[in-house]
Amino acid sequence: MFQASLKALSAALAAKQISSVELTRGLLERVARHSALNAFITVDAQKSLAQAAAADARIARGEAAPLTGIPIAHKDIFCAKGWLTTCASKMLSNFTAPYDAHVIERFNAAGAVILGKTNMDEFAMGSSNETSYYGAVKNPWNPDYVPGGSSGGSAAAVAARLAPAATATDTGGSIRQPAALTGITGIKPTYGVVSRYGMIAFASSLDQGGVMARSAEDAAMVLGAMSGFDTRDATSLERPAEDYTRELGAPLKGLRIGVPREYFGEGLSADVGAAVDAALAQFEKLGAKRVAISLANSALSVPAYYVIAPAEASSNLSRFDGVRFGHRAAEYGDLAELYCRSRAEGFGAEVKRRILIGTYVLSHGYYDAYYLKAQRIRRLIAQDYAEAFKVCDLVLGPTSPSVAFRIGAKAADPVQMYLNDIYTIAANLAGLPAMSIPCGFGAGGLPVGLHIVGNYFAEAKMLGAAHQYQQATDWHAQTPKGFEA
């Protein structure tokens, strides 16, 4: 059952071939057996099994939805009533959420089971899941390597078959990059499709909740359950409900795939480039047409992001410690004082670094020079995509410039760490939907991800294209050694 798709699990539950309690208990035992991965921060068997029993009763009454009785892991950035919700930070290590995030409400309404809360980079600030107060998450393909971040716990849980699917969040690549490094499917929808209510903020204009799953088909099912309009989130989009599985059967004949020339030059490792080239050839074999495009301003996405995101983070984190970072930074004069205050509150090194950067760029005399310029670059990046989508339907390329790296290898070099998101950040700046699917293996037998970006609200088209590719290949079905059963 640990290798079964969500569709198969749903059918088995409906046919009473297995109960939700049995499925949940089996997964909880699997999580405990593989605790060395450090994928979970909190597991509460009593709560999970109570939800499973309720799901079984719902199925018995004939009131089941597709996800009823299916255990889902949740990134520990989503508030869940009665559950410890830490954001992997010492600051929130004893915080029990008094309410449910909108995403959790949606899953509760669907009858899904909360399997547990997954590990992550502290306050979602990181690309390797090494900044967690609870320790680094291990990559199931090789425990000496990172799983990516910030949603590394969710990625590792799905890759190791500890959970059939997991929620995650993406501010600059935090769903897609770990999905690539662990060989799973991850999708970030259009900004505003998933409510951010109850999702502890990092950078509010960039954050978006999404899905990690084994396949595009599974991801489509989960995204349909968690998306939807929410009046409590000012950025939530009021749109009709969508069936994200509707294009899974659509053939790829005539699909125009844009390939940015900027993504295949210096900085892309040869093994990743070869796997992505092979994936593009497979798309063409399935009937898609390759179109050369340019995203001329994409090289500016990393510096623009690391101005905008820390600026928003410094303002958001002020809610937790009472220090008014951001626009009031000038009142405190010395940035060292702010550093000391944040240190006293227990922030980790990466969070402190970003608070300092954000405070600096928003302070008097630097707002125009840095923050406003970064926002102008953001518009140029969005315009590049708008031009590209005039000649193509989807944009394809590498998700990450390399396969996973060893734990600790980039911890002392923030710039090299930040460059792991060089291909993913632009989609967040533009607010576009984007996903990563496994497309092969590179150095050390570690997974490679193929990045897919669509126009606004093209999630179903992206998922359909990914599904057709996954029907023709089996990269998504590969399981790390030691986790096959």
Visitor: Rounded at 0.5 Å granularity, tell me how far OG in S128 sits from CG in N420.
Guide: 8.0 Å
Visitor: Kindly say whether the aromatic ring centers of F405 and Y145 come within a distance under 6.0 Å.
Guide: no
Visitor: Under 3.5 Å, side chain of Q177 to main-chain N/O of S400, donor-acceptor pair present?
Guide: no
Visitor: Find out whether L223 and V194 are in side-chain contact, i.e. whether some heavy atom of one side chain is under 4.5 Å from a heavy atom of the other.
Guide: yes
Visitor: Just checking, is any N or O donor in the side chain of R378 or S301 under 3.5 Å from an acceptor N or O on the other one?
Guide: no
Visitor: With a 4.5 Å cut-off on side-chain heavy atoms, are C79 and M199 touching?
Guide: no
Visitor: How far apart are the closest heavy atoms of P480 and A159, and which atoms are they?
Guide: CD-O, 3.2 Å
Visitor: Are E105 and S195 close enough, and set up right, to give a side chain to side chain donor-acceptor pair (under 3.5 Å), and what steps lead you there?
Guide: CA-CA 11 Å; E105 290 177 346; S195 170; over 6 Å; no
Visitor: Test side chain to side chain contact (heavy atoms under 4.5 Å, CB included) on T185 and Q470; report intermediate values, then the result.
Guide: CA-CA 10 Å; T185 298; Q470 291 179 339; 3.0 Å; yes
Visitor: Run the side chain to side chain donor-acceptor pair (under 3.5 Å) check on T169 and K75 step by step: do they pass?
Guide: CA-CA 8 Å; T169 61; K75 185 175 181 179; 2.6 Å; yes
Visitor: Using side-chain contact (heavy atoms from CB on, under 4.5 Å) as the criterion, list what pairs up with P303, not counting sequence neighbours.
Guide: none
Visitor: Shortest non-hydrogen contact from I72 to A166?
Guide: CG2-CA, 4.1 Å
Visitor: Within this structure, what is the CG-CD1 distance for the pair D207 and I200, rounded to the nearest 0.5 Å?
Guide: 11.0 Å
Visitor: Taking the side chain as every heavy atom from C-beta outward, state whether Y305 and L206 have any atom pair closer than 4.5 Å.
Guide: yes
Visitor: Can a side-chain donor-acceptor contact be found between S5 and D218 if the only test is distance below 3.5 angstrom?
Guide: no
Visitor: Keeping the roles fixed (side chain from S227, backbone from V193), state whether a donor-acceptor pair exists under 3.5 Å.
Guide: no
Visitor: May I ask you to check whether Y99 and Y197 place their ring centers less than 6.0 Å from one another?
Guide: yes
Visitor: Determine yes or no for a side-chain-to-main-chain donor-acceptor pair under 3.5 angstrom, with Q208 supplying the side chain and P189 the backbone.
Guide: no
Visitor: Check D421 against G172 and note the closest heavy-atom contact, atom names and distance.
Guide: CB-O, 3.6 Å
Visitor: Do H451 and R176 pass the side chain to side chain donor-acceptor pair (under 3.5 Å) test, and can you show the C-alpha distance, the side-chain angles, and the key distance before you say yes or no?
Guide: CA-CA 8 Å; H451 197 229; R176 294 158 289 152; 2.9 Å; yes
Visitor: Go through the steps for S151 and M212 under the test side chain to side chain contact (heavy atoms under 4.5 Å, CB included), then give the verdict.
Guide: CA-CA 9 Å; S151 306; M212 287 180 154; 3.9 Å; yes
Visitor: Which value, rounded to the nearest 0.5 Å, describes the distance between S154 atom OG and M120 atom CE?
Guide: 9.0 Å
Visitor: Does a salt bridge link E459 with K188, judged by any charged N lying under 4.0 Å from a carboxylate O?
Guide: no
Visitor: Verify, without hydrogens or angle tests, whether E122 (side chain) and S132 (backbone) share a donor-acceptor contact under 3.5 angstrom.
Guide: no
Visitor: Quick check: are there more than 12 heavy atoms from other residues, nucleotides or ligands sitting under 6.0 Å from NZ of K461?
Guide: no
Visitor: Rounded at 0.5 Å granularity, tell me how far CG in L300 sits from CG in L295.
Guide: 12.0 Å
Visitor: Once you round to the nearest 0.5 Å, how far does CG of D384 lie from CG of L429?
Guide: 11.5 Å
Visitor: Does the side chain of N119 come under 3.5 Å of the side chain of D76 through a donor N or O and an acceptor N or O?
Guide: no
Visitor: So, E262 side chain and A299 main chain: donor-acceptor pair closer than 3.5 Å or not?
Guide: no
Visitor: Aromatic ring centroids of Y263 and Y423 under 6.0 Å?
Guide: yes
Visitor: Kindly write out the residues that satisfy salt bridge (Lys or Arg N to Asp or Glu O under 4.0 Å) with R239, not counting sequence neighbours, or none if the list is empty.
Guide: E242
Visitor: For the atom pair NE2 (H74) and CD1 (I104), what is the distance rounded to the nearest 0.5 Å?
Guide: 4.0 Å
Visitor: Between D144 and I407, is there a donor-acceptor pair closer than 3.5 Å when you use the side chain of the first and the backbone of the second?
Guide: no
Visitor: Considering only heavy atoms from C-beta outward, does the side chain of V448 approach that of L181 to under 4.5 Å?
Guide: no
Visitor: Taking the six-membered ring for Trp, are Y469 and W475 closer than 6.0 Å centroid to centroid?
Guide: no
Visitor: Can you list everything that forms a salt bridge (Lys or Arg N to Asp or Glu O under 4.0 Å) with E387? Sequence neighbours excluded, please.
Guide: K390
Visitor: Which pair of heavy atoms, one from L432 and one from G454, lies closest together, and at what distance?
Guide: CD2-O, 3.5 Å
Visitor: Can you name the residues that form a side-chain contact (heavy atoms from CB on, under 4.5 Å) with L280, not counting sequence neighbours?
Guide: I257, V259, F264, V276, D277, R290, L396
Visitor: Considering residues at least two apart in sequence or located in another chain, which fulfil the salt bridge (Lys or Arg N to Asp or Glu O under 4.0 Å) criterion with R379?
Guide: none
Visitor: Indicate yes or no for a side-chain donor-acceptor contact from D233 to the backbone of D230 under 3.5 Å, with no hydrogens or angles considered.
Guide: no
Visitor: Does the pair T86 and F95 meet the rule for a side chain to side chain contact (heavy atoms under 4.5 Å, CB included), with working shown?
Guide: CA-CA 6 Å; T86 72; F95 173 64; over 6 Å; no
Visitor: Measuring only between side-chain heavy atoms, which start at C-beta, is C392 closer than 4.5 Å to V395?
Guide: yes
Visitor: Mind checking what makes salt bridge (Lys or Arg N to Asp or Glu O under 4.0 Å) contact with R354, not counting sequence neighbours?
Guide: E350
Visitor: Do any N or O atoms from the side chain of N455 and from the backbone of L394 form a donor-acceptor pair under 3.5 angstrom?
Guide: no
Visitor: For S150 and S174, indicate whether the former's side chain and the latter's backbone hold a donor-acceptor pair under 3.5 Å.
Guide: no
Visitor: Give the intermediate values and the outcome of side chain to side chain contact (heavy atoms under 4.5 Å, CB included) for residues H476 and S215.
Guide: CA-CA 6 Å; H476 67 290; S215 68; 4.0 Å; yes
Visitor: Looking at C439 and G449, what are the two nearest heavy atoms and their distance?
Guide: SG-C, 3.9 Å
Visitor: Quick one: are T399 and T424 in side-chain contact, heavy atoms under 4.5 Å?
Guide: yes
Visitor: Is the count of non-hydrogen atoms from other residues, nucleotides or ligands lying under 6.0 Å from Y370 atom OH greater than 12?
Guide: no
Visitor: Do F229 and H102 have side chains that approach each other closer than 4.5 Å (heavy atoms only, starting at C-beta)?
Guide: no
Visitor: Please walk me through it: do D121 and N129 pass side chain to side chain donor-acceptor pair (under 3.5 Å)?
Guide: CA-CA 5 Å; D121 280 299; N129 220 139; 4.6 Å; no
Visitor: So which atom in A165 and which in V222 form the shortest heavy-atom distance, rounded to 0.1 Å?
Guide: CB-CG2, 3.9 Å
Visitor: Would a 4.5 Å heavy-atom cut-off, applied to side chains only, mark V146 and R406 as touching?
Guide: no
Visitor: Do side-chain atoms of K117 reach the backbone of F78 as a donor and acceptor pair under 3.5 angstrom?
Guide: yes
